[in-house]
Amino acid sequence: MINEITYLGKIIRVDSETVEVEVSNDIPSAAPIINGRLYKIGQIGTFIKIPIGNITIYGIVSSVSNTPSQTEEIQDKFNYGSLFLTVQLVGEKIGDDDFEKGIGTYPTMNDEVHLVIEMDLFDIYGKKGNGFIEIGKHSSSENLAVYADLHKLILRHCAILGSTGSGKSNTTVSILKAILSDYQGSRIVLVDPHGEYASAFPDATVFKIGDTVGPLFVPFWLMNFDELAFFLVGAKPTDDQRTEYRLFRELITTLKKRNCHLASGEVNENFITADSPIPFSARELWGEMNWWLNASFPLQRKTNKQLILLHS
Ligand SMILES: Nc1ncnc2c1ncn2[C@@H]1O[C@H](COP(=O)(O)OP(=O)(O)OP(=O)(O)O)[C@@H](O)[C@H]1O
Ligand SMILES: [Mg+2]
């Protein structure tokens with residue numbers, strides 16, 4: 001194994017999450033070419049593998065140094081100038097089974113560490129399962145497609161995170177294009193407040209607020225309660241301690257609950273709040289508000305009686 005072209009070095013420290021690797025001084029090049037591809041040793045983010053019998057453990061290089069991380073006495077044993085990698089263990093593959101995240105067997109001191117070549121990356125990333133979409137190529141290999149499980153992607157909440165300019169919008173476009181190409185006829189609603197995606201989807205129908213060609217109308221009932229209260233009566237969220245504000249919230253909730261039998265299906269009214277996007281009649285709301293404003297009450301009327309829609 002030591003003579004293999006992928007041989008990188010040996011393990012000199014193991015803890016529960018990371019291992020430290022001393023890169024062998026006998027490696028002829030810091031950038032070996034294997035099967036026509038150039039690999040860079042000690043690049044952060046690259047994979048390494050640790051074969052132990054029929055188990056192969058995979059890790060990702062998280063830091064690189066020319067001195068080992070341990071105490072001075074230990075450091076004295078090493079020749080300075082060697083390369084030391086801290087590696088985060090990510091998963092393992094047993095025999096011909098699929099790659100799995102998580103570590104069942106830990107490596108130990110002096111275990112051999114090897115470079116991960118393109119073929120190994122196919123084991124980790126390469127299989128396109130049922131319902132998977134291709135979202136791009138792996139940064140370390142142009143031939144290696146990276147897939148995402150569409151089912152998990154759209155049935156749960158999902159976020160694409162990164163610093164400014166890191167490629168979030170570009171990733172969003174790639175994912176949507178992959179869905180559109182694999183699932184022809186699928187419908188996607190893209191809410192695009194900054195108007196940056198229209199050029200990426202020339203076939204899309206674009207609706208814009210205030211546009212003469214494709215004007216976008218946002219129904220009033222789609223607003224959450226604070227927005228609606230501000231829009232209708234100029235209330236601010238800081239007003240929420242006021243009785244009128246509380247009554248107004250109850251009124252909106254009652255009107256939404258009344259309309260829980262939607263054409264698209266039943267909505268459990270116990271889950272409806274003043275913020276739920278349930279259509280209701282603005283005319284009815286106006287009628288209720290007007291009634292409360294102009295109604296006369298007998299003096300002995302109990303004030304704690306439920307105030308909502310008493311007259312309906
Ligand atoms: N996979 C990629 N390969 C090469 N260049 C890319 C890739 N993804 C994005 N870029 C380039 O990086 C720049 C920033 O991309 P993008 O606008 O997607 O980033 P962003 O994270 O959405 O930025 P912002 O935070 O400003 O919205 C663009 O010039 C884009 O062309
Ligand atoms: Mg962006």
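Keep in mind that the numbers below use all heavy atoms, side chains included, and drop hydrogens, waters and symmetry copies.
Under a 3.5 Å cut-off, the side chain of Asn294 and the backbone N or O of Asn290 do form a donor-acceptor pair. No donor-acceptor pair under 3.5 Å is formed between the side chain of Lys49 and the backbone N or O of Thr56. In terms of modelled atom types and a separation under 3.5 Å, the side chain of Lys256 and the main chain of Ile272 share no donor-acceptor contact.
Relative ring orientation between Phe248 and Phe225 is described as tilted, the plane-to-plane angle lying within the 30° to 60° band.
At most 12 non-hydrogen atoms from other residues, nucleotides or ligands lie less than 6.0 angstrom from CG of Asp96. More than 12 heavy atoms of other residues, nucleotides or ligands lie within 6.0 Å of NZ in Lys168, so this atom counts as buried by the packing criterion. In Glu244, the CD atom is crowded: over 12 heavy atoms of neighbouring residues, nucleotides or ligands sit closer than 6.0 Å.
Between the side chains of Asp15 and Thr18, a donor-acceptor pair is found at a separation under 3.5 Å. In this model, no donor atom of one side chain and acceptor atom of the other lie less than 3.5 Å apart for Tyr106 and Asp111.
Between Phe220 and Phe231, a ring centre-to-centre spacing not shorter than 6.0 Å is recorded.
Heavy-atom minimum distance, Ile12 versus Glu22: CG2-CB, 3.8 Å.
Among residues at least two apart or in separate chains, there is no salt bridge (Lys or Arg N to Asp or Glu O under 4.0 Å) pair with a member in residues 194-223.
Every residue two or more places apart in sequence or in another chain that forms a side chain to side chain donor-acceptor pair (under 3.5 Å) with Ser65 is listed here: Thr67. Applying the side chain to side chain donor-acceptor pair (under 3.5 Å) criterion to Thr253, with sequence neighbours excluded, gives no partner residue.
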After noting the C-alpha distance and the side-chain angles of Ser186 and Leu180, does the key distance pass the side chain to side chain contact (heavy atoms under 4.5 Å, CB included) rule?
-> CA-CA 6 Å; Ser186 49; Leu180 290 169; 3.8 Å; yes
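Relative to the ring axis of Phe201, Lys177 places its NZ or CZ within 45° and under 6.0 Å from the centre.
Taken to the nearest 0.5 Å, the CD atom of Glu269 stands 5.0 Å off from the SG atom of Cys260.
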